[in-house]
2 protein chains.
Amino acid sequence: MPNSVPNIVIHRLPFYLRALEMMAENGQVVTSSQELGDRLGISSAQIRKDLSHFGEFGKQGTGYEVDYLRQQLRRILKIEALWGIAIVGAGDLGHALVNYAGFRERNFLVETVFDMDPKKVGTPIGSLKVEDQSQMLQRLKELDIKIAIIAVPARNAQTVAELLIEGGVRAILNYAPITLNVPDEVCIEYIDPVIALQSMTYYLERESMEQKRAVSE
Amino acid sequence: MPNSVPNIVIHRLPFYLRALEMMAENGQVVTSSQELGDRLGISSAQIRKDLSHFGEFGKQGTGYEVDYLRQQLRRILKIEALWGIAIVGAGDLGHALVNYAGFRERNFLVETVFDMDPKKVGTPIGSLKVEDQSQMLQRLKELDIKIAIIAVPARNAQTVAELLIEGGVRAILNYAPITLNVPDEVCIEYIDPVIALQSMTYYLERESMEQKRAVSE
DNA sequence: CTATCCCTGTGTGCTATTTCACAAATCTGT
DNA sequence: ACAGATTTGTGAAATAGCACACAGGGATAG
C-alpha cells in the first residue's frame with residue numbers, strides 16, 4: 001500500500017474543511033490551528049500534525065489563510081470537481097437523501113436512484129425518476145458512477161453492494177444496518193443512527209422510576 | 001472518571017450486538033469470537049479483549065451462546081428497556097427519522113417531534129403531530145426525555161442543542177453539518193453523509209476523462 | 001532596527017490500542 | 001477414559017496515535 005497517511009487522519013480532514021467552509025462563509029480570512037481546534041474540540045497540535053502529512057500550508061506568526069487551506073484540503077480529498085453518486089432504495093430514507101441539498105452544495109451530485117419495487121419505478125423524486133434496479137448494472141456503467149449510497153433493507157444490502165461493485169462503484173456509503181463484505185479495494189462507510197444511539201446510552205443513567213417497557217419479542 | 005473502559009471499545013459493542021441479533025433471528029444458538037470477527041471484519045482477539053472488560057461470557061471450546069451474549073450486551077449498553085427520544089426538525093430528514101421503524105425495533109421510541117416553522121406545527125407524521133419548538137423545554141421535562149436527535153439546518157443547531165440540554169437531554173445525535181459545543185457530561189454523536197463521502201474520495205482515483213464541473217461559488 | 005509576541009512544523013516521549021501466543025477448559029469420537 | 005480439536009481469557013509484546021515543547025520564521029510597534 002503506497003499510502004502512508006493514517007486512515008484516522010484522512011477521516012479528520014473533512015471536519016477541518018467543514019469548519020473552514022463556515023469561516024469562509026462568514027468572511028473570515030485567516031485562522032490558526034488553535035482556533036480550528038477550539039471549534040472542533042481537537043488539540044491544535046493534532047491539526048498541525050495532520051496537515052503536515054501533506055505539506056506546509058500555514059505561515060509562522062500568522063496562521064492559515066482560510067481560502068487557501070480550504071482549496072488545499074479539497075485537492076487532497078479530491079473533491080474539487082463534482083462526483084456523481086447513485087442512491088439505491090427509494091423509501092423514506094432514499095427520498096430524503098435525493099432531496100438533500102447538502103450533497104450538491106458540497107460537490108456531490110445525485111445522478112440516479114434505483115428501486116426494486118415495480119410500483120416505485122418511474123415515480124419522480126425531485127428532478128429524478130426512480131429507475132428499475134434490474135437496469136442498475138448497465139446504468140452505472142453508462143454514467144460512470146464511482147460512488148453509491150445504499151438505502152435498502154438490511155436483507156438486500158449485501159446483494160446490492162455486490163451489484164454496485166460489479167457496475168464499477170468503488171465507494172459505498174451504507175445506511176442498511178448490516179456489515180457488508182466487500183473487496184479490499186472498495187471503500188465503505190456506515191451510517192446507522194441506532195448504533196450511534198446505543199453507544200451513547202452506555203454513558204447515560206437510568207434515573208426514571210418508571211422504566212418504559214421493552215418491545216416484546 | 002470512574003469509567004475505565006475505553007470509548008472505542010464501547011463504540012464497537014453495538015456492532016457486536018447487531019451481528020448477534022441477526023444470528024438470533026436466523027435461529028443460530030452459539031457463535032465464536034472467530035465467527036463474529038469474520039462477519040464484522042474485526043480480529044477475534046479484539047472481540048475477546050473487548051468483552052473481557054465486562055466479564056466472562058463465553059465457554060472455552062464452545063464459544064458464546066448467542067442469546068446470552070446478546071442479553072449481556074443489552075444490559076451493558078443499558079438498552080434492555082425502551083428509551084424515549086425527541087426529534088427536532090420536521091423537514092425531509094425529520095420525516096424519515098420519525099417514520100424509521102428501526103428505532104422501535106431496537107428499543108428506541110420517538111415520543112415527539114418539534115419544528116420552529118409555524119406552518120409545520122400541528123401537521124401529522126406517522127402517529128405524531130409536529131409540536132412547536134417554543135414548547136420544547138416544557139415538553140422535554142414532561143416526557144423526561146434524555147436523548148434527542150437534531151435534524152435542523154446547521155445555523156440553528158447550536159441553539160437547539162443548548163435548549164435540549166436545558167430541557168434535560170443528556171445525549172444528542174446531531175445530523176446538522178456542524179460541530180457543536182456541549183458540556184462534557186453531555187454525549188454527542190455526529191452523522192453527516194457528506195463527511196463520510198469526503199473521506200472515501202481520498203482513496204478514489206479520478207479516472208474519467210471529462211471531469212464534472214464544480215459548482216460555481 | 002530591535003525587542004517582543006505569535007504561531008507553525010516537528011522531534012521526542014508518552015499513552016492507548018491492537019495483536020500475539022498460550023494455558024486452561026470444554027467438546028467429540030472412539 | 002483418552003487423544004485430538006476447539007475456543008476462551010489474558011499477560012506480554014508490538015504498533016499506532018497523541019500531546020508536549022521548542023526552534024525558528026514572521027509580524028508588529030516604537
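Side chains included, hydrogens not; waters and symmetry mates left out as well; all remaining heavy atoms used. A note on names: the letters A, B, ... follow the listed sequences, proteins ahead of strands, and every chain is numbered from 1.
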Non-neighbouring partners of A:Phe103 that pass ring pair (Phe, Tyr, Trp, His ring centres under 6.0 Å), sequence neighbours left out: A:Tyr100
Partners meeting ring pair (Phe, Tyr, Trp, His ring centres under 6.0 Å) with A:Tyr190 (sequence neighbours left out): none
Give the rounded distance in Å between these two atoms: [atom1] of [X] and [atom2] of [N].
{"X": "A:Tyr68", "N": "C:dT8", "atom1": "OH", "atom2": "C1'", "value": "14 Å"}
{"X": "A:Leu51", "N": "D:dA19", "atom1": "CG", "atom2": "C1'", "value": "16 Å"}
{"X": "B:His53", "N": "D:dT8", "atom1": "NE2", "atom2": "P", "value": "17 Å"}
{"X": "B:Leu36", "N": "D:dT7", "atom1": "CG", "atom2": "C1'", "value": "13 Å"}
{"X": "A:Gln34", "N": "C:dG9", "atom1": "CD", "atom2": "P", "value": "15 Å"}
{"X": "B:Tyr64", "N": "C:dC27", "atom1": "OH", "atom2": "P", "value": "15 Å"}
{"X": "B:Ile47", "N": "D:dG9", "atom1": "CD1", "atom2": "P", "value": "12 Å"}

Chi angles and distances behind the side-chain hydrogen bond (donor to acceptor under 3.5 Å, both in side chains) call for A:His11, A:Glu189: CA-CA 11 Å; A:His11 276 75; A:Glu189 295 275 330; 2.7 Å; yes
Step-by-step side-chain contact (heavy atoms from CB on, under 4.5 Å) determination, B:Leu197 to A:Arg106: CA-CA 10 Å; B:Leu197 293 176; A:Arg106 291 153 87 188; over 6 Å; no
Carboxylate-amine/guanidinium proximity below 4.0 Å for B:Arg74 and B:Glu21: yes
A:Asp144/A:Lys146 salt bridge by N-O under 4.0 Å criterion: yes
Partner residues of B:Glu142 under the side-chain contact (heavy atoms from CB on, under 4.5 Å) criterion, sequence neighbours left out: B:Gln138, B:Arg139
Side-chain N,O (A:Ser33) to OP1/OP2 (C:dT8) below 4.0 Å: yes
Nucleic acid footprint by protein, nucleotides 10-19 of chain C - heavy-atom cut-off 4.0 Å, B for base, S for sugar-phosphate alone: BBB----SSB
Polar side-chain atom of A:Asn107 near backbone of A:Glu80 as donor-acceptor pair, under 3.5 Å: yes
Enumerate all atom pairs, one protein N or O and one N or O from nucleotides 27-30 of chain D, separated by less than 3.5 Å.
none

Qualifying side-chain hydrogen bond (donor to acceptor under 3.5 Å, both in side chains) pairs, either residue in residues 56-69 of chain A, two or more places apart: A:Asp67-A:Arg70
